[in-house]
Each structure stands twice: as C-alpha cells, then as structure tokens.
Amino acid sequence: MKKIKVSNVVLQVILIAFAVIQLYPLLFLLFFSLKDNNEIYSGNVMGFPKQLRWSNYENALVNANVGLYLFNSILVTAIVIVVSGILACMVSYAIARMRIKVNRLVKTCFSLGLMIPLHAVLLPVFIMLRNLKMLDTYQAIIIPYIAFALPMAIFFMIGFFESLPKELEESAFLDGCGIFRTFFLVMLPLVRPALATISVFTFLSTWNEMMFAITFINSEKYRTLTVGIMQMVGKYTTDWGTMGAGLVVATLPTIVIYLLLSKQVQSGMVSGAVKG
C-alpha cells in the first residue's frame, strides 16, 4: 500500500480551496441574476435565491436589448479575430522568413505599438474617424481593434515562424508551390497552436473593451455588450436581477472559449517558450 505524503495532501487541499475561491464569483453572479431587487435589498445578496426568476433573462435579452448587443459583440469580435489573425500571420511570415532590408524596421515599428496606451490615441483616432465619416458604424471600432491587436500578435508569431525549418519551404518550392501556396498550405497549419493563442488574447481584449465602443458608437443598434450593460444602470433605479442576467450572458462566451481552446493555448505558450 502506497504511503500518502502529507505534503501532497496539503497541496491538494490548497488547490481545491483555490479552485473554490475562483469558481465562487461565477456562482454568485448566477445566483444574483435569478433574484429581484426586493430579495437583493433585503439582505440575501450572496446566498441561493429564494425563487428562481428566469424571467430576468427574458427581460435582459428582449426588453433590455442584450440579444442585440450580444450579436454586435460576436460580429465585431469574429471579424477582428479573423482579420487580425490573417494579417499577423502574413506579416510575421514576411519578417521571419524573407530577406528584406526593411524587415528590422517593420518589426521595430510593430513592437513600438505594444507600448502605446489606448487612452493616448483616443482623441486622434476619434478625429480621424470623424473626418472619414465612420463614427457610429461597425468600422469605427473594428478597425481600431484590429490595429491594437496586430502588434502583440505579430510579436508572438515571429518566434514561431523563425523556429520552423527552412527545408519545409524548400521542398514546397521544388514541388512547384508559389509563395502563397507555401504559406497557406505548408506553413500556416504548423503554427495553429500559436494562432489559437493569439486568437484567445484578441478575443478577450476585444470582447471586454469599452473605451473605444462608448466613444465611437452612439446608436443603440451598434452597441456592444460592455456598453449595453453599462446603459442598463438607471438614473434613479436599476433592475439588478436583469443586469445580472446580462452579465451572465456576457461572461458565458468567455468561459466557452476558454474550455474549447485552453489546451491549444497552453500548447502554444509552451511551444513558444521552448522554440523562442
């Protein structure tokens, strides 16, 4: 019979306690979304709801337009992830694999983008969008989101492309593949873990962003979830249960993305640490 080490038991207890601490905010948010104002104000804020009020979700999705905000967030985030991912891969491939004199300069310019805070460019971007008559449109937030997603994605992808053996490209060229077929059919499938990693980071930054969305969007039909939920706070009164339901709807996609892509993200981070 194997002896149980005290250190292992202590470690397991600590990990279980840490997991409970991490999961409780999600349970609290779920319980909160199933209560009404009377129950919340009466003192039962943290506990299980006395009555499950699923009507809060109907109010949030229909009456509070959370369904529309959810669609806008999904549309904007999907476009940003796809476009920034393709552009980042193509730019990174050119910098890492092609012998061009301006490669180092281009890499430096994109690296400088990592040091520019979002608030510093808020006014210049607003003026540019106003002059281009793009305010209050999907493009008003999609284009800035893509621009801010590219520096980190390019910086991350360059190390992966540099680690791939050059013999793969040489074999593809000998078989008659051009530069684009080599990139899309040979090189791109090899960096899928890295692509999944930057996609998750781009999703999180885009999904939770509010500064650009609240500044560049005025019409309700273009609002994203972050702005829409903030608008649910009334001047004199707020339906906290409905707001909690909206927060659950906003949080659920993040949990789903993490559960689906957590292994790919871990693989990409470990591969980047070893290969970089």
Side-chain angles (χ1 to χ4, degrees), residues 69-96 106-107 109-122 125 129 134 137-161 183-184 187-217 222-229 249-273 275-276:
Y69 305 148
L70 177 63
F71 170 79
N72 290 336
S73 290
I74 293 175
L75 177 64
V76 170
T77 305
I79 294 175
V80 172
I81 290 175
V82 173
V83 176
S84 64
I86 294 175
L87 292 177
C89 288
M90 297 179 73
V91 173
S92 303
Y93 178 73
I95 293 175
V106 174
K107 182 179 179 180
C109 290
F110 278 108
S111 299
L112 290 175
L114 295 170
M115 296 180 285
I116 300 177
L118 183 146
H119 300 81
V121 300
L122 190 62
V125 173
L129 293 174
M134 293 176 60
T137 61
Y138 286 124
Q139 300 93 306
I141 52 178
I142 289 176
I143 295 176
Y145 287 167
I146 293 174
F148 271 87
L150 283 176
M152 186 276 294
I154 291 173
F155 184 80
F156 193 80
M157 294 295 297
I158 288 176
F160 275 82
F161 280 114
F183 171 74
F184 284 105
M187 307 301 290
L188 196 57
L190 297 176
V191 295
R192 282 184 297 180
L195 190 58
T197 301
I198 65 172
S199 296
V200 171
F201 289 145
T202 302
F203 169 82
L204 293 175
S205 61
T206 304
W207 189 266
N208 297 318
E209 202 282 326
M210 188 176 67
M211 186 61 65
F212 281 167
I214 199 173
T215 305
F216 303 150
I217 299 296
Y222 297 123
R223 286 177 185 168
T224 55
L225 265 175
T226 51
V227 179
I229 292 176
V249 173
T251 306
L252 195 59
T254 304
I255 299 175
V256 172
I257 291 295
Y258 174 78
L259 293 177
L260 293 177
L261 298 178
S262 60
K263 291 184 179 180
Q264 287 82 348
V265 171
Q266 294 173 10
S267 175
M269 296 298 289
V270 172
S271 298
K275 295 179 181 179

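Just so you know, these numbers use all the heavy atoms, side chains as well, and skip hydrogens, waters and symmetry mates.
Residues Phe155 and Ser92 form no side-chain contact, since every pair of their non-hydrogen atoms from C-beta on lies 4.5 Å or further apart. Under the 4.5 Å side-chain criterion, counting only non-hydrogen atoms from C-beta, Tyr258 is not in contact with Val200. Between Phe212 and Leu122 the shortest side-chain heavy-atom distance falls below 4.5 Å. Considering only heavy atoms from C-beta on, Tyr138 comes within 4.5 Å of Asn72 through its side chain. Within the 4.5 Å cutoff, no side-chain heavy atoms of Tyr69 are placed close to those of Thr224. In this structure, Ile74 and Trp207 have side chains that are in contact, with non-hydrogen atoms separated by less than 4.5 Å. Taking the side chain as every heavy atom from C-beta outward, Val227 and Ile217 never approach each other to under 4.5 Å.
Distance alone, capped at 3.5 Å, places no donor-acceptor pair between the Thr206 side chain and the Phe203 backbone.
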Could you pull out all donor-acceptor pairs under 3.5 Å where a side-chain atom in residues 142-150 meets a protein atom, sequence neighbours excluded?
| from | atom 1 | to | atom 2 | distance (Å) |
| --- | --- | --- | --- | --- |
| Tyr145 | OH | Glu209 | OE1 | 2.4 |

Show me the donor-acceptor pairs, under 3.5 Å and distance only, between side chains in residues 78-87 and residues at least two apart or in other chains.
| from | atom 1 | to | atom 2 | distance (Å) |
| --- | --- | --- | --- | --- |
| Ser84 | OG | Val80 | O | 2.4 |
| Ser84 | OG | Ile81 | O | 3.4 |

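The structure places CG of Leu112 at 12.5 Å from NZ of Lys107, a figure rounded to the nearest 0.5 Å. Going from atom OH of Tyr222 over to atom CG of Leu75 covers 11.0 Å, rounded to the nearest 0.5 Å. Separating the CE atom in Met157 from the CE atom in Met152 is a distance of 11.0 Å, to the nearest 0.5 Å. One finds the CG atom of Leu225 at 12.5 Å from the CE atom of Met210 (value rounded to the nearest 0.5 Å). Atom CG of residue Leu195 and atom CG of residue Leu190 lie 12.0 Å apart, to the nearest 0.5 angstrom. Taken to the nearest 0.5 Å, the CG atom of Asn208 stands 5.5 Å off from the OG1 atom of Thr254.
Not counting sequence neighbours, the partners of Val91 by the side chain to side chain contact (heavy atoms under 4.5 Å, CB included) test are Ile95, Phe110, Ile154.
Between Ile198 and Ala153, the closest heavy-atom pair is CD1-CB, 3.9 Å. The shortest non-hydrogen separation linking Phe183 to Cys89 is CE1-O, 3.6 Å.
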